[in-house]
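Worksheet for the structure shown next.
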Amino acid sequence: MPAEMLPEHVLLETIMHSNEAIAIYSSEELHISFASDAMLRIWGKDRDIIGKTFEQAIPEIIGQPFTALLQEAWHTGVTYTATDTPATVKINGVMTTSYFNFEYKAVKDAFGKTVCLLHTATDVTKQIDSQRALKKNEHQLRQLIMTAPMGMCIIKGEDLVVELANKPMLRIWTRSAEEMMGKGLLDVFPELKEQSFPRLLKSVLQTGEPVNISETVAEIAETDGTINTVYIDISYQPLFDLNGVPEAILATVIDITETVRIRQRLEESERKLQDANEELSAINEEQESINEELTSTVEQLVQTESLLQQTNLELTESKDRLQTILDTVAEGIGITDTKGNVIYSNERAQEILKVDRESILKRKNSSPEWSNCHLDGSPMLHEEHPVSVAISSNKPVYNHLFLIQAKDEDPMYINMNASPIRDKSGNITGAIGSFTDATESHQLHLELEQAHRLLSEHDEQLRLAIQSAELGTWYINAETKEFIPSNRLKEMFGYYPDETMPYDAAITQVAEEFRDKVTNAVEAALTKGESYDLEYPIIGFRDKQLRWIKATGRLYPSAKEGQPGHFSGTVADITERKLDEQRKNDFIGIVSHELRSPLTSMSGYVQMLMLKSQKSNDAVINGIASKAKRQIDRMMALISGFLDVARMSEGKIQLKRSCFDMAHLVKLAEEESMATHTSHQIVFHPVEYTPIEADQDKIEQVLVNFINNAVKYSPEGSAINVSCYSTGGKVKVSVSDQGMGISAKDQPHVFDRFYRVESDNMKFTKGFGIGLYICKEIIERHDGKIGVSSELGVGSEFWFELPIDNQ
């Protein structure tokens with residue numbers, strides 16, 4: 001028996017209260033004969049609209065395409081379907097735009113005539129919003145990865161395909177983006193198959209659990225097959241699809257190779273230091289035992305002489321150790337007394353001068369068998385020798401080139417740096433000089449000068465001279481900017497001779513921290529005719545080797561009117577010289593570390609002897625101990641002299657930026673100053689909240705240095721004012737005093753390295769002239785300004801400005 005059909009009103013009632021959005025239009029004018037509750041909620045209307053036309057019921061729909069689409073479906077009988085379509089209606093008095101999937105379907109009678117339209121709709125607004133949020137999140141993730149300072153990449157699928165990688169990640173891999181993007185990780189690095197990384201990556205994809213590992217070792221092959229061992233911190237975070245299934249991995253990799261190796265070296269140094277401390281502890285115990293046995297003046301003298309012999313032996317061993325270290329230096333090293341007489345030299349000095357150590361030590365500043373000459377060959381007075389100049393002027397001498405002529409020997413050109421050596425009281429005790437044989441480079445310089453003088457007549461000779469000196473050359477048209485490099489220049493930049501090397505490509509080979517400086521200097525040479533003379537590192541295009549080069553050039557005007565000039569010059573490979581400078585700085589650090597600790601201990605022993613001899617009124621022992629103390633102080637002064645030479649070459653400051661309040665920093669400086677300075681009236685003016693982004697410790701160092709200088713150079717009891725205020729988007733900090741003041745001629749130089757004001761008031765003030773130089777380096781590396789205004793006899797104001805953090 002067939003099932004009985006439901007009455008029409010029951011069916012409509014059921015549909016009306018269902019969750020399906022359904023409407024029926026019964027006329028060509030689109031009169032609404034039926035609408036479910038779900039459709040009324042979409043329209044934001046109640047049942048009063050039944051019987052009205054579509055636009056009468058929903059007037060805000062006028063101007064939108066839906067009325068025309070409904071009428072087209074009525075007339076043509078063709079079903080219209082649309083997805084993700086926006087519609088704007090008024091809901092609770094507010095115009096609201098939502099997104100729908102909908103269908104307009106014509107219902108026809110037996111003759112094919114449309115009798116009504118069936119309208120169904122589904123609200124997909126939430127899905128659309130989710131898709132947009134997902135795309136936004138994907139975009140933000142990509143931006144985060146590409147701008148991150150550490151290595152980051154996205155690896156997708158079981159084949160571990162690299163979908164995205166930033167520059168730090170590519171540097172760790174030693175590959176370009178073209179070599180990595182879209183490639184399987186194991187296809188590019190097959191050596192990783194034997195390591196744990198592929199297994200960990202696949203585990204993250206399978207389990208959805210992140211992996212974090214600190215200080216693990218990775219073996220990565222260069223393009224030439226060379227295996228690099230690096231230490232890294234890794235973090236693998238799963239990325240899920242809309243269904244919550246892991247589909248990719250966000251990998252973060254931090255290269256800590258240098259940190260690990262430094263720590264390993266530090267651990268080795270600490271082990272050696274521990275051994276030395278144990279040895280010194282044993283010596284201390286032995287000394288205490290000896291002191292207890294000193295019961296008489298005679299016995300004290302005997303034991304004291306024994307201890308002094310041990311001290312002298314340790315001093316000798318320290319000198320031998322220093323000699324061994326200095327003998328490894330690539331430069332000749334010599335130390336003189338205040339008269340310029342040589343009292344020490346290393347092996348490299350003997351090799352350069354081609355004499356033994358005893359012969360060098362016999363030479364005096366005015367020795368006739370070895371004469372100093374001007375570059376033209378005329379005798380040079382010994383007072384003009386760089387060592388004599390350093391001692392007499394109390395200032396360092398840099399890159400002094402002169403000719404020396406030994407009997408029966410070929411002439412030799414020497415390039416020397418010299419610096420005075422001072423004791424703890426600031427008195428000059430001699431000088432230290434470092435020098436190299438500059439004969440070949442000077443001869444090359446002379447040959448190049450000769451070649452330039454004969455350029456108009458002897459172009460071929462100039463070309464041969466440049467070729468023999470292995471110099472690279474370039475030519476840039478001042479108007480068209482056409483760039484023509486020589487084959488030698490291409491070789492330096494890691495290109496093959498037959499390859500093209502565009503100017504933009506050459507600039508990308510310049511180390512990033514020097515790139516802006518080089519491009520600005522080239523632009524200044526082309527547009528303003530300024531001189532071009534720079535030293536900077538480059539990374540080879542194909543061989544990836546780091547090289548240091550020295551580039552010099554200038555703009556040459558056109559010889560004919562109406563034709564453009566050209567910018568050209570030469571490039572020399574100075575990598576070896578830079579490495580020599582680095583080795584020199586390394587050895588100075590070793591000298592400081594290895595010699596300061598034993599010398600400090602020996603100084604303590606000698607001071608103990610001096611105290612005991614004073615108690616026993618033994619003038620002989622006291623005199624011997626005082627002489628030993630002076631020798632130890634002299635060794636300490638020598639070490640300080642070496643460190644000063646290192647500071648001349650380094651001039652590098654590492655910044656650790658963070659956001660902080662300048663008012664808080666000034667408060668810290670106030671607390672420190674009030675605790676350490678009681679001789680002056682230091683007034684700290686109120687400071688408002690001033691946020692900046694900088695290295696807090698370094699900025700505090702500058703402020704404390706200003707305050708300490710004000711205390712040092714102003715009368716006791718006088719006032720010192722410290723202020724900090726905002727002006728024009730910058731914060732300005734100043735320290736003013738009522739001291740001796742600085743002359744107008746000295747003010748432009750007070751921030752120069754090793755510069756000290758020469759005046760009667762400065763004779764009894766200690767210092768090396770590097771404090772304000774370091775302050776200037778710190779402020780300029782923060783993109784700030786530093787300066788001084790002063791008047792003799794009135795006082796000085798030192799100040800600096802930094803940008804305010806407005807974020």
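Basis for what follows: all heavy atoms, side chains included, without hydrogens, waters or symmetry-related copies. Quick note: residue numbers are just sequence positions, from 1.
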Does CD belonging to Glu535 count more than 12 external heavy atoms closer than 6.0 Å? yes

Rounded to the nearest 0.5 angstrom, the CD1-CD distance for Ile682 and Glu670 is 9.5 Å

With rounding to the nearest 0.5 Å, note down the distance linking OH in Tyr689 to OG in Ser726. 11.0 Å

Does some side-chain heavy atom of Met150 sit less than 4.5 Å from a side-chain heavy atom of Met169? no

Indicate yes or no: at least one non-hydrogen side-chain atom of Gln738 is less than 4.5 angstrom from one of Val794. no

Exercise: do Asp516 and Thr519 side chains pair donor with acceptor under 3.5 Å: no

Is a donor on one side and an acceptor on the other found under 3.5 Å between the side chain of Glu791 and the backbone of Gly741? no

Checking the side chain of Ser718 only, and the main-chain atoms of Ser714 only, is there a donor and an acceptor separated by less than 3.5 Å? no

Short question: side chain of Arg554, backbone of Ala525 - any donor-acceptor pair under 3.5 Å? no

Side-chain donor-acceptor pair present, His749, Asp746, cut-off under 3.5 Å: no

Minimal non-hydrogen separation, Val731 against Cys724, with atom names: CG2-SG, 3.5 Å

I'd like to know if the side chain of His385 and the backbone of Val387 have a donor-acceptor N/O pair within less than 3.5 Å. yes

Test item: Arg422 side-chain N/O and Asn427 main-chain N/O as donor-acceptor pair under 3.5 Å: no

Within a strict 4.5 Å, meaning less than it, do heavy atoms of the Cys775 and Glu777 side chains meet? no

Donor-acceptor check, side chain of Asn166 to backbone of Ile145, threshold 3.5 angstrom: yes or no? yes

Under 6.0 Å between ring centres, would you say that holds for Phe706 and Phe798? yes

Would Lys776 and Glu780 pass as an ion pair if we require N to O under 4.0 Å? yes

Regarding Asp255 and Thr257, do their side chains bring together a donor and an acceptor under 3.5 Å, going by distance alone? yes

Salt bridge present between Glu693 and Lys656 (N-O < 4.0 angstrom): no

Could you tell me whether the side chain of Glu797 and the main chain of Asp737 form a donor-acceptor pair under 3.5 Å? no

Phe514 ring center near Tyr536 ring center (under 6.0 Å): no

When rounded to the nearest 0.5 angstrom, what distance separates CZ in Phe751 from CD1 in Ile779? 9.5 Å

Could you please spell out the steps behind the side chain to side chain contact (heavy atoms under 4.5 Å, CB included) verdict for Ile428 and Ile421? CA-CA 6 Å; Ile428 295 178; Ile421 298 175; over 6 Å; no

Report the residues that fulfil ring pair (Phe, Tyr, Trp, His ring centres under 6.0 Å) with Tyr532, sequence neighbours left out, ordered by chain and then residue number. Trp474, Phe567

May I have the step-by-step check of side chain to side chain contact (heavy atoms under 4.5 Å, CB included) for Lys730 and Lys785, ending in yes or no? CA-CA 10 Å; Lys730 299 180 182 297; Lys785 295 181 179 180; 5.6 Å; no

Return the minimal non-hydrogen interatomic distance between Leu534 and Ala521, and the atom names on each side. CD1-CB, 3.6 Å

Which value, rounded to the nearest 0.5 Å, describes the distance between Leu703 atom CG and Met662 atom CE? 7.0 Å

Looking at Gln747 and Ser789, what are the two nearest heavy atoms and their distance? OE1-CA, 4.1 Å

Output yes when a side-chain donor or acceptor of His664 lies under 3.5 Å from a complementary backbone atom of Phe660, and no otherwise. no

Polar side-chain atom of Asn417 near backbone of Ile432 as donor-acceptor pair, under 3.5 Å: no

Got a second to check how far Ile414's CD1 is from Leu403's CG, nearest 0.5 Å? 9.5 Å

Side chains of Thr436 and Arg348: closer than 4.5 Å at any heavy-atom pair? no

Nearest heavy atoms of Leu802 and Gly784, plus distance in Å: CD2-CA, 4.2 Å

Looking only at non-hydrogen atoms, find the nearest pair between Gly472 and Met492 and report the distance. N-CE, 3.7 Å

Decide whether Asn721 and His685 meet the rule of one side-chain donor and one side-chain acceptor closer than 3.5 Å. yes

Look at Arg781 together with Asp695 and state whether they make a salt bridge at an N to O cut-off of under 4.0 Å. no

Crowded around Lys578 NZ? As in, over 12 foreign heavy atoms under 6.0 Å? yes

In this structure, are over 12 heavy atoms from other groups packed under 6.0 Å from Glu513 atom CD? yes

Quick one: are Ile699 and Val733 in side-chain contact, heavy atoms under 4.5 Å? no

Between Thr570 and Thr473, is any side-chain donor less than 3.5 angstrom from a side-chain acceptor? no

Closest non-hydrogen atoms of Ser679 and Val711, given as atom of the first, atom of the second and distance, are OG-CG1, 4.2 Å

His677 versus Asn708, side-chain donor and acceptor atoms under 3.5 Å: yes

Does Leu266 reach the side chain of Ile262, with side-chain heavy atoms less than 4.5 Å apart? yes

Any chance you could measure Ile692, atom CD1, to Asp805, atom CG, to the nearest 0.5 Å? 8.5 Å

Decide yes or no on side chain to side chain donor-acceptor pair (under 3.5 Å) for Thr575 and Asp573, but give the supporting numbers first. CA-CA 6 Å; Thr575 305; Asp573 189 334; 2.6 Å; yes

Report the C-alpha distance between Asn415 and His400 in whole Å, list the side-chain angles of each, state the deciding distance to 0.1 Å, and finish with yes or no for side chain to side chain contact (heavy atoms under 4.5 Å, CB included). CA-CA 5 Å; Asn415 191 334; His400 187 96; 5.7 Å; no

Do Phe541 and Thr508 have side-chain heavy atoms sitting under 4.5 Å apart? no

Do Phe483 and Asn477 touch side chain to side chain, with heavy atoms closer than 4.5 Å? no

Take Val666 and Phe684 through the test side chain to side chain contact (heavy atoms under 4.5 Å, CB included) and record every step on the way to the result. CA-CA 8 Å; Val666 173; Phe684 286 83; 3.9 Å; yes

Is there a donor-acceptor pair closer than 3.5 Å between any side-chain N or O of Asp661 and the backbone N or O of Thr690? yes

